[in-house]
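Computed from a predicted model, the values in this text were never measured in an experiment. Values below: every heavy atom of this structure, side chains too, minus hydrogens, waters and symmetry copies.
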Amino acid sequence: MRKKTTILLVTGLLFALNGCAELKDAGRTIGHTTRDVTKSIGHASRDAAKSVKKEYDKGEWSE
């Protein structure tokens, strides 16, 4: 009876560790994707602001 309990416990522990590894990998993937998308949005916003400033400095919008 004790041997069955030990085997069941070890098997359950291995399944739990495998599940944790998969969750960690999924979290990393989500985190990196979020970082990359945020960086892209930030760079696009920066480039748009620079473009508007460049056009404004040309005097096209002056009064």
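Taking 4.5 Å as the limit, every side-chain heavy atom of K4 sits out of range of all side-chain heavy atoms of L8. Between R28 and D25, the closest side-chain pair of non-hydrogen atoms falls below 4.5 Å.
Atom NE2 in H32 sits 10.5 Å away from atom NZ in K39 (nearest 0.5 Å). One distance of note links CZ of R35 with OG1 of T33; it measures 8.5 Å at 0.5 Å rounding.
Remark: side-chain polar atoms of S51 are not paired, donor with acceptor, to backbone N or O of D47 under 3.5 angstrom.
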